[in-house]
Number of protein chains: 2
Amino acid sequence: MSGDRLARRRDSARSRELLLRAAVELFAEKGFDRSTVREIGERAGVDPALIARYFGGKTQLYIAALRAERGDTVRADLLDPEYLLELLERVDRRGPGPLLRAVVQPHADPEAQDAARATLYARLVEPLRERFAREGRDRPELRAEIVVAAFVGVLLGRRSGVFDGLARVGSDDLAALLRDTLAPDGDRPPPHRPE
Amino acid sequence: MSGDRLARRRDSARSRELLLRAAVELFAEKGFDRSTVREIGERAGVDPALIARYFGGKTQLYIAALRAERGDTVRADLLDPEYLLELLERVDRRGPGPLLRAVVQPHADPEAQDAARATLYARLVEPLRERFAREGRDRPELRAEIVVAAFVGVLLGRRSGVFDGLARVGSDDLAALLRDTLAPDGDRPPPHRPE
DNA sequence: GTCCTGTGTCATCATGTGTAGACATCACGC
DNA sequence: GCGTGATGTCTACACATGATGACACAGGAC
């Protein structure tokens with residue numbers, strides 16, 4: 001039983017962890033395509049060949065990074081003011097996770113695509129759907145998807161370098177504005193669509 | 001004066017045009033990174049080496065594609081129901097343009113990045129900003145950016161293969177829902193946030 | 001000590017990429 | 001007919017990428 005020590009010279013668990021952490025960062029910063037295994041290895045301080053050994057390949061590492069990011073699952077939905085602000089600030093600090101990227105860019109690898117889909121639903125769509133259903137709104141799932149997609153658009157747009165104001169505004173400020181525009185406040189009467 | 005004839009066997013203008021059109025399509029379908037000059041040439045039925053000759057390189061071709069897409073500039077903003085629906089249907093038919101991709105993913109090439117920014121502002125942000133300013137809302141530019149980013153999120157999310165319902169819903173249906181959730185209806189009283 | 005398994009390092013391969021240049025072929029003026 | 005510039009075609013290069021396997025070495029079992 002030598003696996004307990006942390007500062008071992010040769011420690012596969014540690015190498016694995018370093019790779020995973022670097023992968024989360026890089027996939028978040030540059031997306032899956034533009035991140036290279038060599039760069040991940042360099043940031044982790046670990047030989048990139050170990051990616052293949054420990055994860056099986058770049059795609060599997062991506063999926064693992066997706067799962068690792070999910071670790072801090074929160075039992076709240078986007079329309080919860082606290083959660084919204086927290087999410088905004090987290091993205092400010094650590095950048096968007098690999099998950100958010102998947103929302104707007106289809107993956108070539110269907111396996112990665114599906115992992116992203118499952119994670120996204122569990123973390124963001126489903127809580128929102130529940131809220132909408134609870135509030136008795138029509139088509140809760142579709143509404144939840146729309147809000148999530150819109151929200152992700154704003155989050156990513158903020159860092160894309162394309163929007164001047166969006167990049168500069170503070171996260172608390174933005175949170176208020178977002179809830180103002182995105183969130184259908186409960187007190188608004190349900191729109192009667194003629195159909 | 002032989003440039004007038006259209007069906008010439010050798011016609012640089014025609015080759016250029018074919019390349020440009022194929023580039024717009026491919027950049028829209030797969031994004032800048034995943035599109036290769038060889039594939040563009042193949043789709044255009046033109047030798048890819050001509051890309052370098054006529055445009056200077058892949059990046060310059062991308063910028064040209066951006067400009068070409070702008071051709072159908074409309075004098076309307078996203079909150080105009082007709083324009084919204086039209087945009088939705090166009091994306092349905094032809095996919096998101098290369099422009100929309102730039103909203104959520106920064107480009108490696110700063111020149112391309114800036115071209116995307118300028119085009120985006122002229123086509124989408126600025127009209128919305130004008131509307132908001134006309135309506136006397138506070139921070140019209142920031143609001144415009146938020147709405148555009150959110151809208152792009154939905155458009156791209158629709159095709160990312162991550163959202164089930166979003167991918168299936170019809171564009172007219174979606175347009176109604178979008179105006180319902182995204183658009184701050186003028187008649188809605190400004191929400192009084194207790195804080 | 002001597003093996004032996006886990007772990008790390010390195011070189012290399014197969015493939016795809018953008019780009020450049022050499023060469024061929026056409027249109028057109030003379 | 002023939003040269004000349006424009007246009008198109010093809011090959012090759014230099015490079016990056018993901019993957020793989022051979023080898024080196026540590027660290028404990030016996």
Side-chain angles (χ1 to χ4, degrees), chain A residues 1-23 26-27 29-65 98 105 107-113, chain B residues 1-23 26-27 29-65 98 107-112:
Chain A
M1 51 184 50
S2 54
D4 295 31
R5 292 190 43 204
L6 286 180
R8 280 231 328 246
R9 287 256 301 283
R10 322 189 119 219
D11 186 340
S12 68
R14 181 178 142 85
S15 300
R16 226 188 104 101
E17 179 61 28
L18 287 175
L19 282 174
L20 191 58
R21 224 176 299 180
L26 261 174
F27 285 147
E29 287 173 23
K30 325 190 9 176
F32 181 80
D33 293 320
R34 289 220 272 256
S35 305
T36 71
V37 292
R38 285 176 170 83
E39 202 175 357
I40 292 173
E42 191 180 2
R43 178 170 301 204
V46 170
D47 192 290
L50 295 182
I51 289 176
R53 191 189 306 251
Y54 292 139
F55 296 92
K58 189 189 175 190
T59 298
Q60 283 77 14
L61 174 59
Y62 174 79
I63 295 175
Q105 179 151 36
H107 272 287
D109 190 320
E111 200 183 352
Q113 174 85 345
Chain B
M1 52 180 53
S2 55
D4 294 28
R5 295 187 42 205
L6 287 178
R8 280 223 333 239
R9 288 257 300 283
R10 322 191 117 218
D11 186 340
S12 67
R14 182 176 141 84
S15 301
R16 224 188 105 102
E17 178 62 25
L18 287 175
L19 282 174
L20 192 57
R21 225 176 299 180
L26 262 174
F27 285 147
E29 287 173 21
K30 326 188 10 175
F32 180 80
D33 294 320
R34 289 219 271 257
S35 305
T36 71
V37 292
R38 285 175 170 83
E39 201 176 357
I40 293 172
E42 190 180 1
R43 178 170 301 204
V46 171
D47 192 291
L50 295 182
I51 289 176
R53 193 193 303 259
Y54 292 139
F55 297 92
K58 191 188 174 190
T59 298
Q60 282 78 13
L61 174 60
Y62 173 78
I63 294 175
H107 270 288
D109 190 320
E111 201 183 352

Closest approach of A:F27 to A:Y62 (non-hydrogen atoms, all atoms of both residues):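 The pair with the smallest heavy-atom distance is CE1-CA, 3.5 Å.
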Least distance between heavy atoms, A:F55 atom then A:Q60 atom: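 Where A:F55 meets A:Q60 most closely, the heavy atoms are O-CB, 2.9 Å.
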Residue A:A49, side-chain atoms from C-beta onward, closest of D:dT20, D:dC10, C:dT19: D:dT20
Listed nucleotide nearest any side-chain atom of A:R53, set C:dT9, D:dG18, D:dT9: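 When the side chain of A:R53 is considered, C:dT9 is the closest of C:dT9, D:dG18, D:dT9.
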Take atom [atom1] of [X] and atom [atom2] of [N], then tell me their distance rounded to the nearest Å.
X	N	atom1	atom2	value
A:K58	D:dA19	NZ	C1'	12 Å
A:L50	D:dA19	CG	C1'	13 Å
B:I40	C:dT19	CD1	P	11 Å
B:I51	C:dT17	CD1	C1'	12 Å
A:K30	D:dA16	NZ	P	13 Å
A:E39	D:dC15	CD	P	19 Å
A:F55	D:dT20	CZ	P	16 Å
B:D47	C:dC26	CG	P	16 Å

Under 3.5 Å: donor-acceptor pair, side chain of A:K58, backbone of A:I51: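 Not at all, since once roles are kept as given, no pair shorter than 3.5 Å links the two residues.
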N/O donor-acceptor pair under 3.5 Å between B:R38 side chain and B:P48 backbone: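 It does not hold such a pair.
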Sugar-phosphate only, base, or nothing, as touched by A:T59 at under 4.0 Å among non-hydrogen atoms: nothing
Contact under 4.0 Å: [X] side-chain N or O vs [N] OP1/OP2:
X	N	value
A:S12	C:dT7	yes
A:Y54	C:dG8	yes
A:S15	C:dG8	yes

Verdict with reasoning, A:E39 to A:K30, per salt bridge (Lys or Arg N to Asp or Glu O under 4.0 Å): CA-CA 11 Å; A:E39 202 175 357; A:K30 325 190 9 176; 3.0 Å; yes
Presence of donor-acceptor pair under 3.5 Å, side chain of B:R38 and base of C:dG18: yes
